[in-house]
Amino acid sequence: MTKTAARVSGFNYAIISRTLPFALFMAFIAVDESVRFTGSHGWLSLPPGTLYYLYPLKAFSVAALLYLYRNHYPELRLRDLLDRRVSLASCIVGVVTFILWIYLDWTVSVVGGPAGFDPALLPEGAIRFAMTAVRVAGAVLVVPVMEELFWRSFLLRYIVDPDFESVPIGRFTWTSFAVSSLLFGLEHHLFVAGVTAGIIYNVLLYKTRSLAQCVLAHAVTNLALAGYVLLTHNWWLW
């Protein structure tokens, strides 16, 4: 293999390792939404809560990909979290993002939204507990890593230069900032809240130059949201 071919192969692998986990996650969502759509039109009938059983498969398969590609994420430096002052600031950013998220929940009335995850639709006991625990673990441990690798590591840099690995983490341009924030909002059913969160996580990256700090803030947001949903039973936020 020539040096050029090796470089192209490595470049493609760099893209795949950051986009495939996200693409797989979104594919599961597409399947879920498609089945719900057919059900709403009477073309398919499933017992309530049946689609919830897709979530463990989604979370574990995405986690497996992230583990498989773990050596291809040099920008995800866990040692960055040893800076207690910055990590505390990132945790505060995560909490602030959560508060803004729930106060921007009115946008669901504009764009509509899913029914969310309601554990009451699952059998009581071990199954309900296990499924809820997996839901929280997936939201806190898997989703932040998967999304930050895609949005802040890959897309934010790819918009600056398709040879994204040559772009330092935290490089700012107005185009990449605006496009990635808007697309992050479109990924979520609460569009305004999603855009707001995308802006906050982008700014955190620009300030810290650390993807690990963004993962931490994102994880804190999702943990706070999970706790809020479980306490208030606002399942549609999940």
Shortest non-hydrogen contact from Leu190 toward Trp236: CD2-CZ3, 4.3 Å

Could you pull out the closest heavy-atom pair between Val62 and Pro21, with the gap in Å? CG2-O, 3.7 Å

Any chance CZ of Phe172 has more than 12 other-residue heavy atoms, nucleotides or ligands included, within less than 6.0 Å? yes

If every non-hydrogen atom of Asn202 is compared with every non-hydrogen atom of Ser181, which pair is closest and at what distance? ND2-OG, 3.1 Å

Residues Ser176 and Thr173: side-chain donor-acceptor under 3.5 angstrom: yes

Between the main-chain N or O of Asp163 and the side-chain N or O of Ser166, is there a donor-acceptor pair closer than 3.5 Å? yes

Start with the C-alpha gap between Ile29 and Lys58, add the side-chain angles, then the distance that decides, and say whether side chain to side chain contact (heavy atoms under 4.5 Å, CB included) holds. CA-CA 9 Å; Ile29 292 178; Lys58 174 170 64 175; 3.9 Å; yes

Centroid-centroid under 6.0 Å between Trp235 and Phe117 rings: no

Would you check if the side chain of Arg171 reaches a backbone N or O of Val167 as a donor-acceptor pair within less than 3.5 Å? no

Quick check for you: to the nearest 0.5 Å, what is the distance between Tyr53 atom OH and Thr50 atom OG1? 7.5 Å

Go through the steps to decide whether Ile102 and Tyr228 satisfy the test side chain to side chain contact (heavy atoms under 4.5 Å, CB included), and finish with yes or no. CA-CA 9 Å; Ile102 61 174; Tyr228 176 81; 3.8 Å; yes

Do any pairs count as a salt bridge (Lys or Arg N to Asp or Glu O under 4.0 Å) and have a residue in residues 122-142, sequence neighbours left out, and if so which ones? none

Can you tell me if Asp161 uses its side chain to pair, donor with acceptor, with the backbone of Phe164 under 3.5 Å? no

If we count only N and O atoms by modelled type, under 3.5 Å, do the side chains of Asp80 and Thr208 hold a donor and an acceptor together? no

Thr97 side chain vs Ala197 backbone, donor-acceptor pair below 3.5 Å: no

Worked verdict on Leu156 versus Val160 for side chain to side chain contact (heavy atoms under 4.5 Å, CB included): CA-CA 7 Å; Leu156 199 65; Val160 176; over 6 Å; no

Is the Trp151-Tyr201 ring centre distance short of 6.0 angstrom? no

Could you tabulate the donor-acceptor pairs under 3.5 Å formed by side-chain atoms of residues 63-74, not counting sequence neighbours?
from: Arg70; atom 1: NH1; to: Tyr67; atom 2: O; distance (Å): 2.7
from: Tyr73; atom 1: OH; to: Ser17; atom 2: O; distance (Å): 2.5

First locate atom CG of Leu230, then atom OG1 of Thr132, and finally report the distance between them rounded to the nearest 0.5 Å. 6.5 Å

Kindly compute the distance separating CG (Leu205) from CD1 (Ile200), expressed to the nearest 0.5 Å. 14.0 Å

Heavy-atom closest contact (Leu155 atom, Leu183 atom, distance): CD2-CD1, 3.9 Å

Sidechain-backbone polar pair: Asn222 side chain, Ala139 backbone, donor-acceptor under 3.5 Å: yes

Restricting to non-hydrogen atoms, name the atom on Cys91 and the atom on Val220 that form the minimum distance, rounded to 0.1 Å. O-CG1, 3.5 Å

Separation of Ser180 OG from Tyr158 OH (nearest 0.5 Å): 15.0 Å

Check ion pair Glu75-Arg152 (N to O, under 4.0 angstrom): no

Count I, L, V, M, F, W, Y as connected when their side-chain heavy atoms are under 4.5 Å apart, and connections chain through other members. Are Leu223 and Tyr103 then in the same cluster? yes

With distance as the sole criterion, is a donor-acceptor pair present between the side chains of Gln213 and Ser87 under 3.5 Å? yes

Return the minimal non-hydrogen interatomic distance between Tyr206 and Arg209, and the atom names on each side. O-NE, 3.4 Å

Below 6.0 angstrom between ring centroids: does that apply to Trp101 and His188? yes

Quick one: does any side-chain atom of Thr38 pair with a main-chain N or O of Val35 as donor and acceptor, under 3.5 Å? yes

Using a cut-off of 6.0 Å, state whether more than 12 heavy atoms not belonging to Phe129 lie near its atom CZ. no

